[in-house]
*Asks:* 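Just passing along the structure, written as C-alpha coordinates.
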2 protein chains.
Amino acid sequence: MSRVAKKTATASEASAKAAEKPTQKRVRRTADEARRLILDAAEKRLARQGPEGLRLQDIARDVGISHPAILHHFESREGLVRALIARTNKQLRDSLLGALGDGDTSRDAADHIGHVFEALSDKGTARLLSWLLLTGRATEESDAHNIMGEIVDVLQDRREEYAEKKGTAAPDKEDTLFIAMLTANAAFGEAIVGRQLAEAAGLDQHGIKRFRKWFAKLINDHLEAKR
Amino acid sequence: MSRVAKKTATASEASAKAAEKPTQKRVRRTADEARRLILDAAEKRLARQGPEGLRLQDIARDVGISHPAILHHFESREGLVRALIARTNKQLRDSLLGALGDGDTSRDAADHIGHVFEALSDKGTARLLSWLLLTGRATEESDAHNIMGEIVDVLQDRREEYAEKKGTAAPDKEDTLFIAMLTANAAFGEAIVGRQLAEAAGLDQHGIKRFRKWFAKLINDHLEAKR
DNA sequence: CGATATATTGACAATAATGTCAATATAGCC
DNA sequence: GGCTATATTGACATTATTGTCAATATATCG
(Lines give C-alpha, C1' and ligand atoms only; values in the text may rest on other atoms or scores of the structure.)
Protein backbone atom coordinates (compact mmCIF):
# COMPACT_ATOMS: atom_id res chain seq x y z
CA MET A 1 0.00 0.00 0.00
CA SER A 2 2.83 2.35 0.82
CA ARG A 3 4.59 1.45 -2.40
CA VAL A 4 1.95 3.09 -4.61
CA ALA A 5 2.44 6.57 -3.23
CA LYS A 6 6.15 6.55 -3.95
CA LYS A 7 5.77 6.49 -7.70
CA THR A 8 3.98 9.84 -7.86
CA ALA A 9 7.43 11.34 -7.42
CA THR A 10 8.36 10.45 -10.98
CA ALA A 11 5.30 12.24 -12.24
CA SER A 12 6.34 15.44 -10.49
CA GLU A 13 9.83 15.00 -11.80
CA ALA A 14 8.56 14.80 -15.34
CA SER A 15 6.42 17.90 -14.99
CA ALA A 16 9.34 20.32 -14.77
CA LYS A 17 7.39 22.74 -16.89
CA ALA A 18 4.30 21.21 -18.37
CA ALA A 19 5.80 18.59 -20.64
CA GLU A 20 3.26 15.90 -21.25
CA LYS A 21 5.80 13.73 -23.03
CA PRO A 22 9.32 13.82 -21.59
CA THR A 23 10.59 12.02 -24.69
CA GLN A 24 13.21 10.04 -22.89
CA LYS A 25 16.20 8.83 -24.85
CA ARG A 26 17.00 5.19 -25.31
CA VAL A 27 20.02 3.24 -26.44
CA ARG A 28 18.98 0.71 -29.01
CA ARG A 29 21.36 -2.11 -29.83
CA THR A 30 21.10 -4.85 -32.38
CA ALA A 31 19.60 -8.03 -30.95
CA ASP A 32 22.93 -9.85 -31.22
CA GLU A 33 24.81 -7.08 -29.51
CA ALA A 34 22.29 -6.92 -26.70
CA ARG A 35 22.44 -10.66 -26.23
CA ARG A 36 26.22 -10.55 -26.12
CA LEU A 37 26.31 -7.79 -23.51
CA ILE A 38 23.77 -9.58 -21.36
CA LEU A 39 25.64 -12.86 -21.54
CA ASP A 40 28.89 -11.10 -20.69
CA ALA A 41 27.35 -9.53 -17.62
CA ALA A 42 25.76 -12.80 -16.54
CA GLU A 43 29.08 -14.58 -16.99
CA LYS A 44 30.87 -12.08 -14.78
CA ARG A 45 28.23 -12.23 -12.08
CA LEU A 46 28.33 -15.98 -12.06
CA ALA A 47 32.11 -16.11 -11.89
CA ARG A 48 32.24 -13.62 -9.04
CA GLN A 49 29.25 -14.51 -6.93
CA GLY A 50 28.28 -18.03 -7.85
CA PRO A 51 24.85 -19.35 -8.75
CA GLU A 52 22.99 -16.98 -6.46
CA GLY A 53 24.43 -14.00 -8.26
CA LEU A 54 22.35 -14.68 -11.31
CA ARG A 55 19.41 -12.35 -10.86
CA LEU A 56 17.80 -10.59 -13.77
CA GLN A 57 17.68 -7.21 -12.08
CA ASP A 58 21.36 -7.30 -11.17
CA ILE A 59 22.41 -8.29 -14.66
CA ALA A 60 20.16 -5.64 -16.14
CA ARG A 61 21.73 -3.02 -13.91
CA ASP A 62 25.22 -4.12 -14.94
CA VAL A 63 24.34 -3.76 -18.59
CA GLY A 64 22.43 -0.57 -18.02
CA ILE A 65 19.08 -1.79 -19.21
CA SER A 66 15.82 -2.81 -17.61
CA HIS A 67 15.20 -6.42 -16.74
CA PRO A 68 12.30 -7.01 -19.13
CA ALA A 69 14.78 -6.41 -21.94
CA ILE A 70 16.56 -9.57 -20.84
CA LEU A 71 13.31 -11.49 -20.90
CA HIS A 72 12.68 -10.12 -24.37
CA HIS A 73 15.95 -11.53 -25.67
CA PHE A 74 16.01 -14.84 -23.81
CA GLU A 75 12.33 -15.61 -23.19
CA SER A 76 12.91 -16.59 -19.59
CA ARG A 77 15.57 -16.88 -16.97
CA GLU A 78 16.01 -20.50 -17.94
CA GLY A 79 16.52 -19.41 -21.51
CA LEU A 80 19.30 -17.11 -20.39
CA VAL A 81 20.94 -19.91 -18.45
CA ARG A 82 20.73 -22.27 -21.40
CA ALA A 83 22.20 -19.67 -23.71
CA LEU A 84 25.00 -19.04 -21.26
CA ILE A 85 25.72 -22.75 -21.02
CA ALA A 86 25.73 -23.15 -24.77
CA ARG A 87 28.09 -20.23 -25.29
CA THR A 88 30.45 -21.37 -22.57
CA ASN A 89 30.54 -24.90 -23.93
CA LYS A 90 31.31 -23.58 -27.37
CA GLN A 91 34.07 -21.31 -26.13
CA LEU A 92 35.61 -24.10 -24.11
CA ARG A 93 35.49 -26.50 -27.00
CA ASP A 94 37.06 -24.01 -29.36
CA SER A 95 39.72 -23.11 -26.87
CA LEU A 96 40.72 -26.68 -26.09
CA LEU A 97 40.50 -28.21 -29.52
CA GLY A 98 42.04 -25.13 -31.08
CA ALA A 99 45.13 -25.45 -28.96
CA LEU A 100 45.32 -29.20 -29.38
CA GLY A 101 44.67 -29.40 -33.08
CA ASP A 102 47.08 -26.70 -34.00
CA GLY A 103 49.24 -29.25 -35.71
CA ASP A 104 52.19 -27.81 -33.88
CA THR A 105 54.14 -30.87 -32.81
CA SER A 106 56.56 -28.80 -30.77
CA ARG A 107 53.94 -28.54 -28.04
CA ASP A 108 54.35 -31.18 -25.41
CA ALA A 109 52.12 -32.45 -22.63
CA ALA A 110 53.09 -29.61 -20.33
CA ASP A 111 51.85 -27.07 -22.84
CA HIS A 112 48.59 -28.88 -23.31
CA ILE A 113 48.00 -29.25 -19.62
CA GLY A 114 48.78 -25.63 -18.97
CA HIS A 115 46.29 -24.69 -21.63
CA VAL A 116 43.56 -26.83 -20.15
CA PHE A 117 44.04 -25.25 -16.74
CA GLU A 118 43.99 -21.78 -18.17
CA ALA A 119 40.96 -22.37 -20.33
CA LEU A 120 39.01 -23.58 -17.33
CA SER A 121 40.08 -20.97 -14.83
CA ASP A 122 39.76 -18.12 -17.28
CA LYS A 123 36.55 -16.16 -16.72
CA GLY A 124 35.44 -18.79 -14.27
CA THR A 125 34.49 -21.26 -16.95
CA ALA A 126 34.99 -24.16 -14.60
CA ARG A 127 32.89 -22.44 -11.96
CA LEU A 128 30.08 -21.97 -14.42
CA LEU A 129 30.23 -25.52 -15.67
CA SER A 130 30.46 -26.84 -12.15
CA TRP A 131 27.38 -24.98 -11.14
CA LEU A 132 25.65 -26.33 -14.20
CA LEU A 133 26.57 -29.84 -13.20
CA LEU A 134 25.71 -29.30 -9.55
CA THR A 135 22.24 -28.10 -10.45
CA GLY A 136 21.79 -31.09 -12.69
CA ARG A 137 21.28 -29.13 -15.87
CA ALA A 138 23.83 -31.21 -17.69
CA THR A 139 21.88 -34.30 -18.63
CA GLU A 140 19.88 -32.43 -21.22
CA GLU A 141 22.59 -30.39 -22.88
CA SER A 142 25.20 -33.07 -23.05
CA ASP A 143 27.60 -31.07 -25.12
CA ALA A 144 30.34 -31.83 -22.65
CA HIS A 145 30.20 -35.42 -23.80
CA ASN A 146 31.27 -34.63 -27.30
CA ILE A 147 34.06 -32.36 -26.16
CA MET A 148 35.63 -35.06 -24.04
CA GLY A 149 35.33 -37.64 -26.78
CA GLU A 150 36.88 -35.38 -29.39
CA ILE A 151 39.77 -34.43 -27.17
CA VAL A 152 40.61 -38.00 -26.28
CA ASP A 153 40.56 -38.91 -29.96
CA VAL A 154 42.93 -36.10 -30.85
CA LEU A 155 45.27 -36.99 -28.03
CA GLN A 156 45.28 -40.65 -28.98
CA ASP A 157 46.11 -39.76 -32.57
CA ARG A 158 49.02 -37.70 -31.37
CA ARG A 159 50.38 -40.48 -29.24
CA GLU A 160 50.06 -42.97 -32.06
CA GLU A 161 51.84 -40.65 -34.45
CA TYR A 162 54.59 -40.17 -31.95
CA ALA A 163 54.89 -43.87 -31.25
CA GLU A 164 55.09 -44.69 -34.91
CA LYS A 165 57.79 -42.10 -35.46
CA LYS A 166 59.81 -43.51 -32.61
CA GLY A 167 59.05 -47.07 -33.58
CA THR A 168 57.76 -47.88 -30.11
CA ALA A 169 54.66 -49.79 -29.12
CA ALA A 170 51.25 -48.25 -29.70
CA PRO A 171 49.93 -46.53 -26.57
CA ASP A 172 47.04 -47.92 -24.61
CA LYS A 173 43.87 -46.00 -25.42
CA GLU A 174 42.49 -46.29 -21.93
CA ASP A 175 45.72 -44.83 -20.64
CA THR A 176 45.15 -41.80 -22.85
CA LEU A 177 41.59 -41.53 -21.63
CA PHE A 178 42.71 -41.67 -18.01
CA ILE A 179 45.30 -38.97 -18.57
CA ALA A 180 42.63 -36.75 -20.05
CA MET A 181 40.22 -37.52 -17.23
CA LEU A 182 42.78 -36.83 -14.56
CA THR A 183 43.74 -33.56 -16.18
CA ALA A 184 40.13 -32.50 -16.50
CA ASN A 185 39.28 -33.53 -12.96
CA ALA A 186 42.34 -31.81 -11.55
CA ALA A 187 41.67 -28.65 -13.51
CA PHE A 188 38.06 -28.54 -12.35
CA GLY A 189 39.07 -29.28 -8.81
CA GLU A 190 41.68 -26.59 -8.87
CA ALA A 191 39.21 -24.08 -10.20
CA ILE A 192 36.92 -24.76 -7.26
CA VAL A 193 38.98 -25.75 -4.26
CA GLY A 194 42.43 -24.98 -5.58
CA ARG A 195 42.70 -21.46 -4.30
CA GLN A 196 41.50 -22.45 -0.86
CA LEU A 197 43.91 -25.33 -0.65
CA ALA A 198 46.78 -23.27 -1.96
CA GLU A 199 46.12 -20.54 0.57
CA ALA A 200 45.88 -23.11 3.33
CA ALA A 201 49.29 -24.40 2.33
CA GLY A 202 50.76 -20.94 2.18
CA LEU A 203 51.20 -21.00 -1.56
CA ASP A 204 51.02 -17.78 -3.51
CA GLN A 205 50.28 -17.30 -7.19
CA HIS A 206 53.75 -18.47 -8.01
CA GLY A 207 53.28 -21.60 -5.95
CA ILE A 208 50.25 -22.49 -7.98
CA LYS A 209 52.30 -22.18 -11.13
CA ARG A 210 54.88 -24.50 -9.63
CA PHE A 211 52.11 -26.97 -8.88
CA ARG A 212 50.93 -26.96 -12.45
CA LYS A 213 54.46 -27.50 -13.70
CA TRP A 214 54.91 -30.30 -11.20
CA PHE A 215 51.74 -31.92 -12.48
CA ALA A 216 52.82 -31.55 -16.11
CA LYS A 217 56.11 -33.20 -15.27
CA LEU A 218 54.31 -36.02 -13.52
CA ILE A 219 52.36 -36.72 -16.68
CA ASN A 220 55.41 -36.35 -18.85
CA ASP A 221 57.32 -38.85 -16.73
CA HIS A 222 54.41 -41.22 -17.05
CA LEU A 223 54.41 -40.83 -20.81
CA GLU A 224 58.14 -41.44 -20.94
CA ALA A 225 57.87 -44.55 -18.81
CA LYS A 226 55.27 -45.95 -21.16
CA ARG A 227 57.55 -45.70 -24.13
CA MET B 1 -8.02 -13.78 -1.99
CA SER B 2 -8.89 -17.22 -3.20
CA ARG B 3 -6.40 -18.74 -0.80
CA VAL B 4 -8.40 -17.71 2.25
CA ALA B 5 -11.44 -19.73 1.31
CA LYS B 6 -9.46 -22.91 0.97
CA LYS B 7 -8.57 -23.13 4.64
CA THR B 8 -12.19 -23.37 5.73
CA ALA B 9 -11.96 -26.96 4.60
CA THR B 10 -9.77 -27.86 7.57
CA ALA B 11 -12.32 -26.34 9.88
CA SER B 12 -15.06 -28.55 8.50
CA GLU B 13 -12.74 -31.50 8.77
CA ALA B 14 -12.12 -30.79 12.42
CA SER B 15 -15.80 -30.39 13.21
CA ALA B 16 -16.65 -34.04 12.82
CA LYS B 17 -19.02 -33.66 15.74
CA ALA B 18 -18.71 -30.36 17.50
CA ALA B 19 -15.16 -30.51 18.77
CA GLU B 20 -13.93 -27.02 19.45
CA LYS B 21 -10.40 -28.23 20.05
CA PRO B 22 -9.29 -31.02 17.74
CA THR B 23 -6.32 -31.71 20.03
CA GLN B 24 -3.97 -32.66 17.25
CA LYS B 25 -1.10 -34.94 18.08
CA ARG B 26 2.51 -33.90 17.76
CA VAL B 27 5.81 -35.69 17.70
CA ARG B 28 8.20 -33.98 20.03
CA ARG B 29 11.92 -34.71 19.66
CA THR B 30 14.84 -33.52 21.70
CA ALA B 31 16.48 -30.45 20.24
CA ASP B 32 19.58 -32.41 19.27
CA GLU B 33 17.58 -35.12 17.58
CA ALA B 34 15.53 -32.59 15.66
CA ARG B 35 18.65 -30.77 14.53
CA ARG B 36 20.19 -34.02 13.41
CA LEU B 37 17.16 -35.06 11.37
CA ILE B 38 16.94 -31.65 9.75
CA LEU B 39 20.62 -31.66 8.84
CA ASP B 40 20.32 -35.17 7.42
CA ALA B 41 17.43 -34.15 5.23
CA ALA B 42 19.20 -30.99 4.08
CA GLU B 43 22.29 -33.00 3.27
CA LYS B 44 20.34 -35.43 1.14
CA ARG B 45 18.51 -32.67 -0.72
CA LEU B 46 21.74 -30.89 -1.43
CA ALA B 47 23.47 -34.01 -2.65
CA ARG B 48 20.60 -34.90 -4.95
CA GLN B 49 19.42 -31.58 -6.27
CA GLY B 50 22.25 -29.14 -5.73
CA PRO B 51 22.09 -25.71 -4.17
CA GLU B 52 18.60 -24.95 -5.39
CA GLY B 53 17.22 -27.96 -3.57
CA LEU B 54 17.78 -26.34 -0.24
CA ARG B 55 14.37 -24.90 0.56
CA LEU B 56 13.01 -24.86 4.06
CA GLN B 57 9.60 -26.15 3.07
CA ASP B 58 11.02 -29.10 1.18
CA ILE B 59 13.34 -30.06 4.00
CA ALA B 60 10.51 -29.70 6.48
CA ARG B 61 8.34 -31.99 4.38
CA ASP B 62 11.11 -34.58 4.20
CA VAL B 63 11.45 -34.61 7.97
CA GLY B 64 7.72 -34.48 8.49
CA ILE B 65 7.63 -31.18 10.35
CA SER B 66 6.61 -27.65 9.56
CA HIS B 67 9.15 -25.17 8.28
CA PRO B 68 9.04 -22.80 11.26
CA ALA B 69 10.42 -25.67 13.32
CA ILE B 70 13.60 -25.43 11.26
CA LEU B 71 13.80 -21.72 11.92
CA HIS B 72 13.33 -22.43 15.58
CA HIS B 73 16.35 -24.73 15.66
CA PHE B 74 18.66 -22.82 13.34
CA GLU B 75 17.52 -19.21 13.65
CA SER B 76 17.58 -18.66 9.92
CA ARG B 77 18.28 -20.35 6.64
CA GLU B 78 21.81 -19.06 6.83
CA GLY B 79 22.13 -20.63 10.24
CA LEU B 80 21.09 -23.96 8.80
CA VAL B 81 23.63 -23.65 6.01
CA ARG B 82 26.40 -22.76 8.46
CA ALA B 83 25.51 -25.69 10.68
CA LEU B 84 25.51 -28.00 7.69
CA ILE B 85 28.90 -26.73 6.60
CA ALA B 86 30.34 -27.14 10.08
CA ARG B 87 29.06 -30.69 10.40
CA THR B 88 30.27 -31.68 6.98
CA ASN B 89 33.71 -30.23 7.61
CA LYS B 90 33.93 -32.12 10.86
CA GLN B 91 32.84 -35.39 9.28
CA LEU B 92 35.31 -34.99 6.46
CA ARG B 93 38.14 -34.16 8.81
CA ASP B 94 37.41 -37.15 11.01
CA SER B 95 37.10 -39.44 8.05
CA LEU B 96 40.33 -38.38 6.41
CA LEU B 97 42.54 -38.01 9.45
CA GLY B 98 41.05 -41.12 11.01
CA ALA B 99 42.07 -43.23 8.07
CA LEU B 100 45.45 -41.60 7.77
CA GLY B 101 46.40 -41.58 11.41
CA ASP B 102 45.45 -45.14 12.03
CA GLY B 103 49.08 -45.98 12.57
CA ASP B 104 48.63 -48.90 10.23
CA THR B 105 51.78 -48.84 8.14
CA SER B 106 50.49 -51.59 5.88
CA ARG B 107 48.33 -49.05 4.09
CA ASP B 108 49.97 -47.63 1.03
CA ALA B 109 49.25 -44.63 -1.16
CA ALA B 110 46.60 -46.49 -3.10
CA ASP B 111 44.63 -47.13 0.05
CA HIS B 112 44.88 -43.52 1.12
CA ILE B 113 43.86 -42.21 -2.25
CA GLY B 114 40.93 -44.56 -2.45
CA HIS B 115 39.81 -43.38 0.93
CA VAL B 116 40.00 -39.72 -0.06
CA PHE B 117 37.88 -40.34 -3.13
CA GLU B 118 35.32 -42.29 -1.17
CA ALA B 119 35.11 -39.77 1.64
CA LEU B 120 34.41 -37.00 -0.83
CA SER B 121 31.95 -38.77 -3.06
CA ASP B 122 30.09 -40.38 -0.18
CA LYS B 123 26.89 -38.52 0.59
CA GLY B 124 27.90 -35.84 -1.85
CA THR B 125 30.34 -34.25 0.52
CA ALA B 126 32.34 -32.83 -2.35
CA ARG B 127 29.19 -31.46 -3.92
CA LEU B 128 28.25 -29.74 -0.72
CA LEU B 129 31.69 -28.28 -0.19
CA SER B 130 31.90 -27.23 -3.81
CA TRP B 131 28.67 -25.38 -3.56
CA LEU B 132 29.92 -23.75 -0.40
CA LEU B 133 33.03 -22.60 -2.21
CA LEU B 134 31.13 -21.53 -5.30
CA THR B 135 28.84 -19.32 -3.26
CA GLY B 136 31.82 -17.81 -1.53
CA ARG B 137 30.87 -18.90 1.96
CA ALA B 138 34.31 -20.33 2.61
CA THR B 139 36.34 -17.31 3.53
CA GLU B 140 34.64 -17.00 6.88
CA GLU B 141 34.56 -20.60 7.99
CA SER B 142 38.03 -21.50 6.92
CA ASP B 143 38.01 -24.89 8.53
CA ALA B 144 39.14 -26.42 5.29
CA HIS B 145 42.47 -24.71 5.80
CA ASN B 146 43.30 -26.61 8.92
CA ILE B 147 42.28 -29.93 7.43
CA MET B 148 44.63 -29.54 4.51
CA GLY B 149 47.49 -28.47 6.73
CA GLU B 150 47.01 -31.35 9.12
CA ILE B 151 46.85 -33.91 6.36
CA VAL B 152 49.99 -32.70 4.68
CA ASP B 153 51.80 -32.81 8.00
CA VAL B 154 50.73 -36.38 8.65
CA LEU B 155 51.70 -37.45 5.14
CA GLN B 156 55.06 -35.79 5.42
CA ASP B 157 55.73 -37.56 8.71
CA ARG B 158 54.91 -40.86 7.07
CA ARG B 159 57.26 -40.25 4.21
CA GLU B 160 60.05 -39.23 6.52
CA GLU B 161 59.56 -42.31 8.67
CA TYR B 162 59.64 -44.43 5.58
CA ALA B 163 62.71 -42.72 4.18
CA GLU B 164 64.58 -43.14 7.46
CA LYS B 165 63.73 -46.79 7.63
CA LYS B 166 64.98 -47.32 4.10
CA GLY B 167 67.94 -45.07 4.63
CA THR B 168 67.07 -42.97 1.59
CA ALA B 169 67.02 -39.19 1.26
CA ALA B 170 64.36 -37.18 3.06
CA PRO B 171 61.42 -36.38 0.78
CA ASP B 172 60.74 -32.89 -0.43
CA LYS B 173 57.95 -31.30 1.55
CA GLU B 174 56.55 -29.37 -1.38
CA ASP B 175 56.37 -32.62 -3.28
CA THR B 176 54.20 -34.04 -0.53
CA LEU B 177 52.02 -30.97 -0.60
CA PHE B 178 51.60 -31.21 -4.34
CA ILE B 179 50.62 -34.85 -4.12
CA ALA B 180 47.97 -33.97 -1.57
CA MET B 181 46.75 -31.06 -3.66
CA LEU B 182 46.52 -33.12 -6.80
CA THR B 183 44.65 -35.85 -4.99
CA ALA B 184 42.25 -33.37 -3.46
CA ASN B 185 41.71 -31.53 -6.74
CA ALA B 186 41.20 -34.75 -8.64
CA ALA B 187 38.77 -36.09 -6.06
CA PHE B 188 36.76 -32.89 -6.09
CA GLY B 189 36.82 -32.77 -9.84
CA GLU B 190 35.70 -36.34 -10.08
CA ALA B 191 32.86 -35.72 -7.68
CA ILE B 192 31.57 -32.94 -9.90
CA VAL B 193 32.45 -33.68 -13.49
CA GLY B 194 33.70 -37.22 -13.12
CA ARG B 195 30.47 -38.99 -13.81
CA GLN B 196 29.78 -36.90 -16.87
CA LEU B 197 33.24 -37.46 -18.26
CA ALA B 198 33.14 -41.15 -17.51
CA GLU B 199 29.80 -41.53 -19.23
CA ALA B 200 31.07 -39.56 -22.19
CA ALA B 201 33.98 -41.97 -22.45
CA GLY B 202 31.75 -44.98 -22.16
CA LEU B 203 33.06 -45.97 -18.77
CA ASP B 204 30.82 -47.76 -16.34
CA GLN B 205 31.13 -48.01 -12.59
CA HIS B 206 33.92 -50.51 -13.01
CA GLY B 207 35.77 -48.19 -15.36
CA ILE B 208 35.75 -45.51 -12.71
CA LYS B 209 37.32 -47.94 -10.30
CA ARG B 210 40.00 -48.70 -12.83
CA PHE B 211 40.64 -44.99 -13.18
CA ARG B 212 41.15 -44.62 -9.47
CA LYS B 213 43.53 -47.53 -9.40
CA TRP B 214 45.38 -46.09 -12.35
CA PHE B 215 45.72 -42.81 -10.52
CA ALA B 216 46.95 -44.51 -7.36
CA LYS B 217 49.56 -46.36 -9.38
CA LEU B 218 50.64 -43.11 -10.98
CA ILE B 219 51.28 -41.65 -7.56
CA ASN B 220 52.98 -44.79 -6.34
CA ASP B 221 55.30 -44.79 -9.31
CA HIS B 222 56.13 -41.21 -8.59
CA LEU B 223 56.90 -42.03 -4.97
CA GLU B 224 59.10 -44.92 -6.03
CA ALA B 225 60.99 -42.75 -8.49
CA LYS B 226 61.70 -40.24 -5.76
CA ARG B 227 63.41 -42.81 -3.59
C1' DC C 1 10.31 11.48 -45.34
C1' DG C 2 6.92 7.91 -43.82
C1' DA C 3 6.05 3.26 -42.49
C1' DT C 4 7.33 -0.86 -40.26
C1' DA C 5 9.65 -3.82 -37.21
C1' DT C 6 11.39 -4.36 -32.89
C1' DA C 7 14.31 -3.11 -28.95
C1' DT C 8 13.22 -0.93 -24.72
C1' DT C 9 10.76 0.50 -20.68
C1' DG C 10 7.61 1.48 -16.44
C1' DA C 11 4.04 -0.38 -13.99
C1' DC C 12 1.88 -4.17 -12.45
C1' DA C 13 0.72 -9.22 -11.56
C1' DA C 14 1.91 -13.58 -9.75
C1' DT C 15 4.55 -16.50 -7.19
C1' DA C 16 7.61 -18.28 -3.98
C1' DA C 17 10.60 -18.07 -0.35
C1' DT C 18 12.04 -16.61 4.37
C1' DG C 19 10.77 -14.98 8.63
C1' DT C 20 7.38 -13.62 12.70
C1' DC C 21 4.09 -14.65 16.25
C1' DA C 22 0.73 -16.15 19.28
C1' DA C 23 -1.24 -20.43 20.44
C1' DT C 24 -0.74 -25.28 21.63
C1' DA C 25 0.91 -29.74 22.75
C1' DT C 26 4.28 -32.56 25.10
C1' DA C 27 8.26 -34.20 27.89
C1' DG C 28 10.46 -33.87 32.21
C1' DC C 29 10.42 -32.50 36.97
C1' DC C 30 8.60 -31.56 41.62
C1' DG D 1 -1.18 -34.82 39.14
C1' DG D 2 0.15 -30.12 38.24
C1' DC D 3 3.96 -26.91 36.53
C1' DT D 4 7.38 -25.31 33.57
C1' DA D 5 10.17 -25.19 29.59
C1' DT D 6 10.22 -25.59 24.96
C1' DA D 7 9.36 -28.05 20.65
C1' DT D 8 5.86 -27.49 17.27
C1' DT D 9 2.42 -25.43 14.38
C1' DG D 10 -1.03 -22.56 11.40
C1' DA D 11 -1.73 -18.20 9.81
C1' DC D 12 0.13 -14.20 8.41
C1' DA D 13 3.65 -10.57 7.05
C1' DT D 14 7.44 -9.32 4.26
C1' DT D 15 10.24 -9.34 0.60
C1' DA D 16 12.36 -10.55 -3.58
C1' DT D 17 12.14 -12.27 -8.11
C1' DT D 18 10.29 -13.77 -12.43
C1' DG D 19 7.13 -12.81 -15.83
C1' DT D 20 3.34 -9.94 -18.49
C1' DC D 21 1.74 -6.02 -21.09
C1' DA D 22 0.74 -1.91 -23.25
C1' DA D 23 3.19 2.09 -24.55
C1' DT D 24 7.20 4.25 -26.62
C1' DA D 25 11.42 5.23 -28.94
C1' DT D 26 14.55 4.18 -32.65
C1' DA D 27 16.87 1.99 -36.54
C1' DT D 28 16.05 0.55 -41.15
C1' DC D 29 14.00 0.23 -45.51
C1' DG D 30 11.00 1.84 -49.24
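First the proteins, then the strands, lettered A, B, ... as listed; each starts at 1.
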*Asks:* Taking C-beta and beyond as the side chain, do B:Leu46 and B:Arg127 meet within less than 4.5 Å on heavy atoms?
*Replies:*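 Side-chain contact under 4.5 Å: no.
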
*Asks:* For DNA chain D, whose closest nucleotide is more 5', that of A:Leu56 or that of B:Val27?
*Replies:*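 Upstream on the strand: B:Val27.
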
*Asks:* So, is B:Arg28 near the phosphate of C:dA27, with a side-chain N or O under 4.0 Å from OP1 or OP2?
*Replies:*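 For C:dA27, OP1/OP2 do not have a side-chain N/O of B:Arg28 under 4.0 Å.
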
*Asks:* Starting at the 5' end of DNA chain C, which residue's closest nucleotide do you reach first, A:Pro68 or A:Ala31?
*Replies:*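 Of the two residues, A:Ala31 wins.
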
*Asks:* What is the distance, rounded to the nearest whole Å, between atom CD1 of B:Ile70 and atom P of C:dT18?
*Replies:*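 Distance check: B:Ile70 CD1 to C:dT18 P gives 9 Å.
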
*Asks:* Report the distance from atom CZ of B:Arg36 to atom P of D:dA7, rounded to the nearest whole Å.
*Replies:*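 About 16 Å, once rounded to whole Å.
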
*Asks:* Just checking A:Leu54: base, sugar-phosphate only, or nothing, at a heavy-atom cut-off of under 4.0 Å?
*Replies:*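 Result for A:Leu54 = sugar-phosphate.
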
*Asks:* Tell me whether B:Asp40 is salt-bridged to B:Arg36, with the criterion being a basic N under 4.0 Å from an acidic carboxylate O.
*Replies:*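 Yes.
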
*Asks:* What integer distance in Å separates B:Ile38:CD1 from D:dT8:P?
*Replies:*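 Going from B:Ile38 (CD1) to D:dT8 (P), I get 7 Å.
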
*Asks:* Measure the distance from CD on A:Gln57 to P on C:dG10 and round it to the nearest whole Å.
*Replies:*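 So the CD-P distance, A:Gln57 to C:dG10, works out to 12 Å.
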
*Asks:* Side-chain N or O of B:His72 less than 4.0 angstrom from OP1 or OP2 on D:dT8?
*Replies:*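 Checking B:His72 against D:dT8: no side-chain N or O falls below 4.0 Å of OP1 or OP2.
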
*Asks:* Measure the distance from CG on B:Leu71 to C1' on D:dT9 and round it to the nearest whole Å.
*Replies:*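 So the two atoms are 12 Å apart, to the nearest Å.
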
*Asks:* Send over the distance from B:Glu33 CD to C:dT26 C1', rounded to a whole Å.
*Replies:*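 To the nearest whole Å, that distance equals 16 Å.
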
*Asks:* Check B:Asp62 with B:Lys44, please: is the shortest side-chain N to carboxylate O separation under 4.0 Å?
*Replies:*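 Here B:Lys44 does not pair with B:Asp62 in a salt bridge, since their nearest N and O are not under 4.0 Å apart.
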
*Asks:* Which nucleotide in the list D:dT26, D:dT20, C:dG10 gets nearest to the side chain of A:Ser66?
*Replies:*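 Nucleotide nearest to A:Ser66's side chain: C:dG10.
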
*Asks:* For B:His67 and for B:Arg26, find the nucleotide of DNA chain C with the closest heavy atom, then tell me which residue's nucleotide is more 5'.
*Replies:*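 This one resolves to B:His67.
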
*Asks:* Reckon A:His73 has a side-chain N or O less than 4.0 Å from the OP1 or OP2 of C:dT8?
*Replies:*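 Yes, such a contact exists.
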
*Asks:* Quickly work out the A:Arg61 CZ to C:dG10 P distance and round it to whole Å.
*Replies:*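 One finds 14 Å between P of C:dG10 and CZ of A:Arg61, rounded.
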
*Asks:* Using a heavy-atom cut-off of 4.0 Å across all strands, would you classify B:Arg55 as base, sugar-phosphate, or nothing?
*Replies:*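 It contacts sugar-phosphate atoms only.
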
*Asks:* Judged by modelled atom types alone, do A:Glu52 and B:Thr135 share a side-chain donor-acceptor pair under 3.5 Å?
*Replies:*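 A:Glu52 vs B:Thr135: no donor-acceptor pair found between side chains.
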
*Asks:* What contact category does B:Ser76 fall into here, base, sugar-phosphate, or nothing, at under 4.0 angstrom with non-hydrogen atoms?
*Replies:*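 Result for B:Ser76 = sugar-phosphate.
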
*Asks:* A side-chain contact here means heavy atoms from C-beta on lying under 4.5 Å apart; do A:Ile70 and A:Gln57 qualify?
*Replies:*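 No, too far: nothing below the 4.5 Å cut-off.
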
*Asks:* Separation of B:Glu52 atom CD from C:dT18 atom P, in whole Å?
*Replies:*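 Between P of C:dT18 and CD of B:Glu52: 12 Å.
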
*Asks:* Answer yes or no: does a side-chain N or O of A:Arg29 lie under 4.0 Å from OP1 or OP2 of C:dT8?
*Replies:*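 Affirmative; the distance criterion is met.
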
